[in-house]
Amino acid sequence: MSTASSNGAPSLTNVPIIKFTKLFINGDFVDSVSGKTFETIDPRTGEVIARVSEGTKEDIDIAVKAARYAFDFGPWPRLPGVERAKLMMKFADLIEQNTEELAALDAIDAGKLYHLCKAIDIPSAANTLRYYAGAADKIHGEVLKASRELHAYTLLEPIGVVGHIIPWNFPTAMFFIKVAPSLAAGCTMVLKPAEQTPLSALFYAHLAKLAGIPDGVINVVPGFGPIAGAAVSSHMDIDAVSFTGSTQTGRKIMEAAAKSNLKHVSLELGGKSPLIIFDDADIEKATELALLGILFNKGEVCVASSRVFVQEGIYHEFEKKLVEKAKTWVVGDPFDPNVQQGPQVDKKQFEKILSYIEHGKKEGATLLTGGKTVGNKGYYIEPTIFSNIKDDMLIAQDEIFGPVMALNKFKTVEEAIKSANNTRYGLAAGIVTKNLDIANTMSRSIRAGTIWINCYFAFGDDIPFGGYKMSGFGKDHGLQALQKYLQVKSVVTPIYNSPWL
C-alpha cells in the first residue's frame, strides 16, 4: 500500500491555533452551564487538539430562548429578503477570506484532505450561501382562483426556530446545507455539530457575527447526541428539526419530535448505494469512478458506491484494473498534497470499519486487496475490496462508512435492477453505460433519490438531494430545501358583486 509522509505520520506544523472552543449563544461565546468540556481528537495521531465546552439540555434551552426571541421580536424574519441576502453575501465573503484556516480545521478535526477542503469544501460553502441569498427576495405566495365568491392567496412564512443536527464527515458542507436555506427563509436556529468535529462550526458562528447576522439568529451548541441532540429533537419551542446522520439516530429524532410538539422533521440518513457498470462501459473511466465512489473522503460518505456491480462480459478485466489502481492509492497525512486518503474520523469509526472487514472474511467473501491498517499512529485503513459477495452478507447490507467495497458481477438488466434495489436504503445510485435505453430504464427502476449516469458525486446547490426508503425524507440543496423552512398560509376574504370570480 502506497503511503506518504513517513507512513502516515502527520505534519504537526499544520495545526492551526484553535480560537473558538465555547458555545456560541445569542451572539457571544460562553461556557456551558455545567462547566463541562470534552476532547476533540486529531485522527492523524489520536491526540487531543482542544477541549470544547459541552452543551447539555440546559444550554440547549438557553440557545432556544435566544433563537425564539430573535424570531418573535428580532429583525431577521422581518428584514426584506434583499437585506438578508446582503448579509448572507458578506458572510460568504468572510468565509473565502479565511479559507486556509477553515480548511486546516476540518483537516485536523475530521481527517479530511487539506488541499480538497481548500479547493472545494470551503469555496463551495460560500457559494451555497450565495445561492440561497439569491432566493431570499424571491419567496412568493400565489393568488388562487377560487371556485366561490372568495379572494384567496397564499403567504410563505418562515417556519420559526429550527434545530439543525449535522454529521462529522463534511463539517463545513453540512453546516451550510442546513444554515443557508433557513437563513434565506428568515428562520432562526440552534445548530449542534457532531461531537467529533465542532471546530469549524464555531469558527463559522464567529464569521456570522462579523457579517452582521443579528444575535440569536445562529446559535451553535457542541455536545453529544444522546444529550444535546436529544434536547433539540424533543424541545417544545423548536418548530422544525433537520438532521443528517445514521438511520438509527433518525428514528430517535422522529420519535422525539412526535412525543414533543410534532415539529417538522427532515432526515437525510444512511445509504448503501450501488454503482452498476455495463459491458459497453469504458473500463478505464469505470474503474476511476468506482474507486472515487468508495474511497473519496476515506469512504465516509453517505452516498459512497459501496456496492459495485459489473456486467460479466467485462468483469474480469475490470476487477484486475480496479485492484491495480487500488494498490497505488496513497494513504497518509491529509496535509500532504500527494495523499489521496486521510485517516478515519476517530477511533470508534476506525474500529467499526475493521470489524466489518473481519465480518467479510468470516462470511466467505474474497478479499482482493487491502483490509489492514496503515502506519502505527492515527486511524488509517487501506482501500479494501471484497468480491464474491452474497446479498445477505453484512458487508453487502450494512452501511460501513469506510473504504470498503463489495464487488460483484451480473448478467442482465433485470438482474442489475433487482440487485440495486436489494437494500433497505435508497439514497443514490450510479450507472455507467453508453446505451441511452439502458440508462433510462435503470434510472427509472432504481428506488433512490439521486441517479448519476456516467458520473458520480455530481452534486450542486441547485440539484435537490435526499433519499427513498430508510435513507430518509426531505430535500437538501435546490429550492426544494428552502421549502422545508417555510410554511404555507392561506388568506381568504369574501368578494361581493364582482363581475367575475
Side-chain angles (χ1 to χ4, degrees), residues 1 3-18 21 37-52 101-118 121-122 166-175 193-203 222 224-225 245-246 294-302 304 329-357 370-384 399-404:
M1 182 58 53
T3 61
S5 300
S6 302
N7 205 27
S11 48
L12 295 174
T13 55
N14 295 114
V15 176
I17 296 171
I18 308 303
T21 59
T37 61
F38 64 93
E39 296 175 345
T40 188
I41 303 296
D42 185 341
R44 302 178 304 159
T45 63
E47 296 172 1
V48 177
I49 304 168
R51 296 196 68 90
V52 177
E101 188 168 357
L102 288 162
L105 288 176
D106 280 352
I108 64 167
D109 218 13
K112 297 177 68 68
L113 298 184
Y114 172 73
H115 64 279
L116 288 186
C117 287
K118 187 177 174 181
D121 292 47
I122 311 304
I166 64 173
W168 41 258
N169 57 333
F170 289 91
T172 288
M174 290 299 173
F175 186 101
E195 58 269 24
Q196 295 90 341
T197 55
L199 297 180
S200 60
L202 293 170
F203 201 109
F224 293 90
S246 73
I294 190 58
L295 300 182
F296 177 69
N297 204 51
K298 33 343 191 297
E300 294 173 348
V301 186
C302 54
W329 199 258
V330 184
V331 180
D333 176 21
F335 284 97
D336 186 327
N338 297 311
V339 162
Q340 296 167 285
Q341 180 183 319
Q344 309 307 138
V345 72
D346 64 5
K347 185 178 181 180
K348 180 179 178 182
Q349 185 63 21
F350 175 74
E351 291 177 344
K352 174 188 171 184
I353 296 165
L354 292 175
S355 73
Y356 272 109
I357 291 172
K372 298 188 293 293
T373 62
V374 177
N376 52 18
K377 181 179 283 190
Y379 308 126
Y380 299 89
I381 296 176
E382 292 178 338
T384 301
E399 183 179 41
I400 298 173
F401 227 60
V404 181

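Since we're looking at a predicted model, the values are computed, not measured.
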Worksheet item: With a 4.5 Å heavy-atom cut-off, do I353 and Y379 have their side chains touching?
Response: no
Discussion item. Testing the basics here: between A50 and T21, what is the closest heavy-atom pair and its distance to 0.1 Å?
Written reply: CB-CG2, 4.2 Å
Practice prompt. Return the set of residues passing side-chain contact (heavy atoms from CB on, under 4.5 Å) with P334 (not counting sequence neighbours), or none when no residue passes.
Written response: R44, L113, P343, Y380
Worksheet item: Can you name the side-chain contact (heavy atoms from CB on, under 4.5 Å) partners of I49, sequence neighbours left out?
Response: I18, T40, D42, I108, D109, L199
Worksheet item: What residues form a ring-ring contact (aromatic ring centres under 6.0 Å, His included) with F170, not counting sequence neighbours?
Response: none
Response to the item:
Closest non-hydrogen contact found for D336 with N338 is OD1-N, 2.8 Å
Worksheet item: In Å and rounded to the nearest 0.5 Å, what is the OG1 to CG distance from T197 to N169?
Response: 8.5 Å
Item to complete: Answer yes or no: is there a side-chain heavy-atom contact under 4.5 Å between P222 and F38?
Response: yes
Worksheet item: Minimum heavy-atom separation for P167 to A194, with atom names?
Response: C-CB, 3.7 Å
Worksheet item: Can you say whether the rings of F401 and W168 are parallel (under 30°), tilted (30 to 60°) or perpendicular (over 60°)?
Response: perpendicular
Worksheet item: P403 versus L295: any side-chain heavy-atom pair under 4.5 Å?
Response: yes
Worksheet entry | CD on Q340 to CG on L116, rounded to 0.5 Å | 10.0 Å
Fill in: Partners passing side-chain hydrogen bond (donor to acceptor under 3.5 Å, both in side chains) against T37 (at least two apart in sequence or in another chain)
R51
Discussion item. Please give me the minimum heavy-atom distance between P383 and V331, naming the atom from each residue.
Written reply: CD-CG2, 3.9 Å
Item to complete: List in chain and number order the residues that pass side-chain contact (heavy atoms from CB on, under 4.5 Å) with S246, two or more places apart in sequence or in another chain; answer none if no residue qualifies.
Response: Q248, T249
Practice prompt. Determine the minimum heavy-atom distance between A110 and E300, stating which atoms define it.
Written response: O-OE1, 4.5 Å
Discussion item. Using the salt bridge (Lys or Arg N to Asp or Glu O under 4.0 Å) criterion, which residues pair with E399? Sequence neighbours excluded.
Written reply: none
Worksheet item: Could you give the distance from CG (N297) to SG (C117), rounded to the nearest 0.5 Å?
Response: 8.0 Å
Practice prompt. Taking ring-ring contact (aromatic ring centres under 6.0 Å, His included) as the test, write out the residues that go with Y356, two or more places apart.
Written response: none
Discussion item. Once rounded to the nearest 0.5 Å, what's the spacing between atom CG of L354 and atom CD of Q349?
Written reply: 10.0 Å
Worksheet item: Partners of T172 by side-chain hydrogen bond (donor to acceptor under 3.5 Å, both in side chains), sequence neighbours excluded?
Response: D106, Y204
Worksheet entry | With Q341 via side-chain hydrogen bond (donor to acceptor under 3.5 Å, both in side chains) - residues at least two apart | W329
Item to complete: Name all residues meeting the side-chain contact (heavy atoms from CB on, under 4.5 Å) criterion together with E351; count only those two or more places apart in sequence or in a different chain, and write none if there are none.
Response: K347
Item to complete: Heavy atoms only: give me the nearest I294-A304 pair and the separation to one decimal.
Response: CD1-CB, 4.1 Å
Worksheet item: With sequence neighbours left out, what residues match D121 under salt bridge (Lys or Arg N to Asp or Glu O under 4.0 Å)?
Response: K112
Discussion item. Counting C-beta onward and ignoring hydrogens, is there a side-chain heavy-atom pair between L105 and P16 closer than 4.5 Å?
Written reply: yes
Worksheet item: Mind checking what makes salt bridge (Lys or Arg N to Asp or Glu O under 4.0 Å) contact with K372, not counting sequence neighbours?
Response: E382
Worksheet item: Can you find a pair of side-chain heavy atoms, one from I381 and one from Q344, that are under 4.5 Å apart?
Response: yes
